[in-house]
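Note sheet for the following structure.
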Amino acid sequence: MKVCHISSSHQHNDTRIFLKECTSLAKKYDATLIAPNAPFANIEGVQLVGLDFIPSSRFERLLKVPPLVYKKALEIDADVYHLHDPEMLLFGLLLKRKGKKVIYDIHEDVPRQILSKKWIPNYIRSLVSKAFEVFEDYCAKRFDTLITATSHIKKRFDTVHARVYNVNNYPLLNELHSPSNNKIAKDTFSFVGGINEIRGIQQMVEAIEVSSAGKLTLAGKFSKQSVLENMKCLKGWSKIQYNGFMNRQEVSNLLASSYAGLVLYHPEPNHINAQPNKMFEYMSAGIPVIASNFPLWREIIETNDCGICVDPLKPQEIAAAMDEILINPNVSEEFGRNARKAIETKYNWNIEEQILFQAYENL
């Protein structure tokens with residue numbers, strides 16, 4: 001069976017799409033991935049196909065890239081097309097009309113995500129959210145299979161489609177961890193991922209200022225240059241090490257030298273029931289997690305006794321959690337061991353891969 005994953009917005013080396021789903025499927029099928037910035041190469045058994053056009057704005061990404069990706073998809077002439085972006089929904093319907101099997105992989109609860117989009121005027125945000133939900137449900141009903149990234153998203157689509165599989169975005173078992181990690185000297189707290197206001201960057205900078213911790217390392221890109229400039233004006237920035245984008249090996253090395261990983265998203269509609277990849281990656285590296293105190297996140301962190309949950313809007317609470325980890329090394333080490341154990345027994349890609357295979361076999 002010839003399988004083609006298509007994305008108009010993700011990087012070709014996206015962790016979920018390429019490192020997990022595509023490389024897993026390449027064990028059984030002829031697998032191709034189309035992504036805007038992809039090199040024309042075969043990597044890990046996956047044939048990568050890129051575009052000649054690179055968008056320079058959000059407008060171009062939303063309106064010009066999807067038709068080009070669709071054109072490339074037709075050239076591949078696969079049996080199954082696996083979509084990863086809401087802007088590809090219409091083209092998924094066109095592929096269905098051509099007799100192709102279509103899978104829609106739903107990474108986010110987009111209608112709730114729209115409610116946090118600052119570039120959409122506030123007075124129409126709710127209307128746009130509701131309209132998109134109707135449109136997304138209409139398209140999803142007509143596809144062959146739906147795959148969701150969280151059980152919360154699956155619950156929504158269970159009322160829309162009979163074949164919905166939840167494939168959690170859990171870590172690859174050994175990618176970010178090695179037994180030697182525990183022997184590396186710790187000297188930093190870390191945040192890994194895209195950086196913006198609603199992911200708590202201001203609160204993290206303010207927290208490190210009043211914490212006894214010496215450094216907070218940021219590994220990722222700021223969503224806007226203006227946000228970076230605003231953070232540089234805060235007193236706590238003097239204790240920030242901003243590394244920008246780091247590759248997977250660099251992230252692994254960073255986490256090995258970290259006291260704990262921070263995931264302090266604000267209580268936005270799309271965050272409360274999300275399962276951020278970075279939380280499980282911190283756990284995979286065997287370090288404690290300092291996380292927002294949303295009910296779902298608290299259940300994961302506290303049930304597995306692997307970190308501390310705090311109010312993400314209160315820098316003093318965040319700083320207190322950092323200091324608690326610093327002054328209680330034995331407790332922190334226990335958090336790290338528990339985190340790693342939870343990954344090995346419950347939250348890992350080896351388990352999720354089998355669900356992905358089942359979804360394809362049932363086509």
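Side chains are part of it too, since the values below use all heavy atoms of this structure and drop only hydrogens, waters and symmetry mates.
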Pairing of [X] and [Y] as salt bridge, 4.0 angstrom limit:
| X | Y | answer |
| --- | --- | --- |
| Asp137 | Lys141 | no |
| Glu197 | Lys118 | no |
| Glu75 | Lys71 | no |

When you look at Asn277 and Glu281, which way does the side chain to side chain donor-acceptor pair (under 3.5 Å) test go after all the steps? CA-CA 6 Å; Asn277 191 36; Glu281 290 187 342; 2.9 Å; yes
Just jot down the side-chain hydrogen bond (donor to acceptor under 3.5 Å, both in side chains) partners of Lys96, sequence neighbours excluded, or say none.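 With sequence neighbours excluded, Lys96 shows a side-chain hydrogen bond (donor to acceptor under 3.5 Å, both in side chains) to Asp144, given in chain and number order.
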Thr145: side-chain hydrogen bond (donor to acceptor under 3.5 Å, both in side chains) partners, not counting sequence neighbours: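 side-chain hydrogen bond (donor to acceptor under 3.5 Å, both in side chains) list for Thr145, sorted by chain: empty.
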List the atom pairs, with distances to 0.1 Å, where a side-chain N or O of residues 227-241 and a protein N or O form a donor-acceptor pair under 3.5 Å, not counting sequence neighbours.
{"residue": "Glu229", "atom": "OE2", "partner": "Gln225", "partner atom": "NE2", "Å": "2.7"}
{"residue": "Asn230", "atom": "ND2", "partner": "Ser226", "partner atom": "O", "Å": "3.3"}
{"residue": "Ser238", "atom": "OG", "partner": "Lys235", "partner atom": "O", "Å": "3.1"}
{"residue": "Lys239", "atom": "NZ", "partner": "Ile208", "partner atom": "O", "Å": "2.7"}
{"residue": "Lys239", "atom": "NZ", "partner": "Ser211", "partner atom": "O", "Å": "2.9"}
{"residue": "Lys239", "atom": "NZ", "partner": "Ala213", "partner atom": "O", "Å": "2.8"}
{"residue": "Gln241", "atom": "OE1", "partner": "Lys215", "partner atom": "NZ", "Å": "3.2"}
{"residue": "Gln241", "atom": "NE2", "partner": "Asn243", "partner atom": "OD1", "Å": "3.0"}

Test Gln358 against Gln354 for side chain to side chain donor-acceptor pair (under 3.5 Å), laying out the working first. CA-CA 6 Å; Gln358 181 185 354; Gln354 299 307 312; over 6 Å; no
Find out whether [X] and [Y] are in side-chain contact, i.e. whether some heavy atom of one side chain is under 4.5 Å from a heavy atom of the other.
| X | Y | result |
| --- | --- | --- |
| Asn166 | Ile355 | no |
| Pro67 | Phe91 | yes |
| Leu218 | Ile195 | yes |
| Lys101 | Asp79 | no |
| Leu25 | His5 | yes |
| Met204 | Glu209 | no |
| His271 | Glu268 | yes |
| Tyr259 | Pro288 | no |

Using a 6.0 Å cut-off, check whether atom [atom1] of [X] has over 12 heavy atoms from anything other than its own residue.
| X | atom1 | value |
| --- | --- | --- |
| Glu344 | CD | yes |
| Lys155 | NZ | no |
| Lys28 | NZ | yes |

Run the ring-ring contact (aromatic ring centres under 6.0 Å, His included) test against His107 and tell me which residues pass, sequence neighbours left out.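 With neighbours one apart ignored, the set is His10, His84.
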Test ring-ring contact (aromatic ring centres under 6.0 Å, His included) applied to His266 - qualifying residues, sequence neighbours left out: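 In terms of ring-ring contact (aromatic ring centres under 6.0 Å, His included), with neighbours along the sequence ignored, His266 is linked to no residue.
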Those residues that, when tested against [X], pass side-chain contact (heavy atoms from CB on, under 4.5 Å) (two or more places apart):
| X | value |
| --- | --- |
| Pro269 | Arg112, Leu115, Ser116 |
| Ile327 | none |
| Lys314 | Asp311, Glu317 |

Table please: side-chain donor-acceptor pairs of residues 16-24 below 3.5 Å, with sequence neighbours left out.
{"residue": "Arg16", "atom": "NE", "partner": "Asp105", "partner atom": "OD1", "Å": "3.4"}
{"residue": "Arg16", "atom": "NH1", "partner": "Val167", "partner atom": "O", "Å": "2.8"}
{"residue": "Arg16", "atom": "NH2", "partner": "Glu21", "partner atom": "OE2", "Å": "3.4"}
{"residue": "Arg16", "atom": "NH2", "partner": "Asp105", "partner atom": "OD1", "Å": "3.1"}
{"residue": "Arg16", "atom": "NH2", "partner": "Val167", "partner atom": "O", "Å": "3.1"}
{"residue": "Lys20", "atom": "NZ", "partner": "Asn169", "partner atom": "O", "Å": "3.3"}
{"residue": "Lys20", "atom": "NZ", "partner": "Asn169", "partner atom": "OD1", "Å": "3.2"}
{"residue": "Lys20", "atom": "NZ", "partner": "Tyr170", "partner atom": "O", "Å": "2.8"}
{"residue": "Thr23", "atom": "OG1", "partner": "Phe18", "partner atom": "O", "Å": "3.4"}
{"residue": "Thr23", "atom": "OG1", "partner": "Leu19", "partner atom": "O", "Å": "2.5"}
{"residue": "Thr23", "atom": "OG1", "partner": "Lys20", "partner atom": "O", "Å": "3.4"}
{"residue": "Ser24", "atom": "OG", "partner": "Lys20", "partner atom": "O", "Å": "2.8"}
{"residue": "Ser24", "atom": "OG", "partner": "Trp349", "partner atom": "NE1", "Å": "2.9"}
{"residue": "Ser24", "atom": "OG", "partner": "Glu353", "partner atom": "OE2", "Å": "2.7"}

Mind running salt bridge (charged side-chain N to carboxylate O under 4.0 Å, His left out) on Glu136 and Arg156 for me, showing each step along the way? CA-CA 12 Å; Glu136 187 177 37; Arg156 174 193 154 197; 2.9 Å; yes
Is there a side-chain contact (heavy atoms from CB on, under 4.5 Å) between Leu255 and Val251? Walk through the geometry before answering. CA-CA 6 Å; Leu255 296 182; Val251 168; 4.0 Å; yes
Checking [X] side chain against [Y] main chain: does a donor-acceptor pair fall under 3.5 Å?
| X | Y | result |
| --- | --- | --- |
| Ser332 | Ile325 | yes |
| Ser284 | Phe280 | no |
| Asp30 | Met1 | no |
| Asn37 | His12 | yes |
| Lys186 | Ala256 | yes |
| Ser258 | Gly261 | no |
| Asp323 | Ser212 | yes |
| Arg248 | Glu175 | no |
| Asn328 | Asn330 | no |

Nearest heavy-atom neighbours spanning [X] and [Y]:
| X | Y | result |
| --- | --- | --- |
| Ile201 | Asn196 | CG2-O, 3.1 Å |
| Tyr81 | Ile76 | OH-C, 4.3 Å |
| Tyr282 | Leu262 | OH-O, 2.8 Å |

Determine, stepwise, if the pair Cys4 / Ile34 fulfils side-chain contact (heavy atoms from CB on, under 4.5 Å). CA-CA 7 Å; Cys4 181; Ile34 302 173; 3.6 Å; yes
For side chain to side chain donor-acceptor pair (under 3.5 Å), just list the numbers for Asn304 and Lys346, CA-CA rounded to whole Å, side-chain angles, deciding distance to a tenth of an Å, and then say yes or no. CA-CA 10 Å; Asn304 293 290; Lys346 292 185 283 189; 2.8 Å; yes
For a quick test of your reading: what N or O donor-acceptor pairs under 3.5 Å do the side chains of residues 293-300 make, sequence neighbours left out?
{"residue": "Trp297", "atom": "NE1", "partner": "Ala274", "partner atom": "O", "Å": "2.8"}
{"residue": "Arg298", "atom": "NH1", "partner": "Glu302", "partner atom": "OE2", "Å": "3.0"}

Show me the pairs that pass ring pair (Phe, Tyr, Trp, His ring centres under 6.0 Å) and involve residues 115-164, at least two apart or across chains.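 For residues 115-164, and leaving out neighbouring residues, there are no ring pair (Phe, Tyr, Trp, His ring centres under 6.0 Å) pairs at all.
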Taking only distance into account, with no hydrogens and no angle test, what donor-acceptor pairs under 3.5 Å do side-chain atoms of residues 39-55 form with protein atoms, sequence neighbours excluded?
{"residue": "Asn42", "atom": "OD1", "partner": "Gly45", "partner atom": "N", "Å": "3.4"}
{"residue": "Gln47", "atom": "NE2", "partner": "Ala41", "partner atom": "O", "Å": "3.4"}

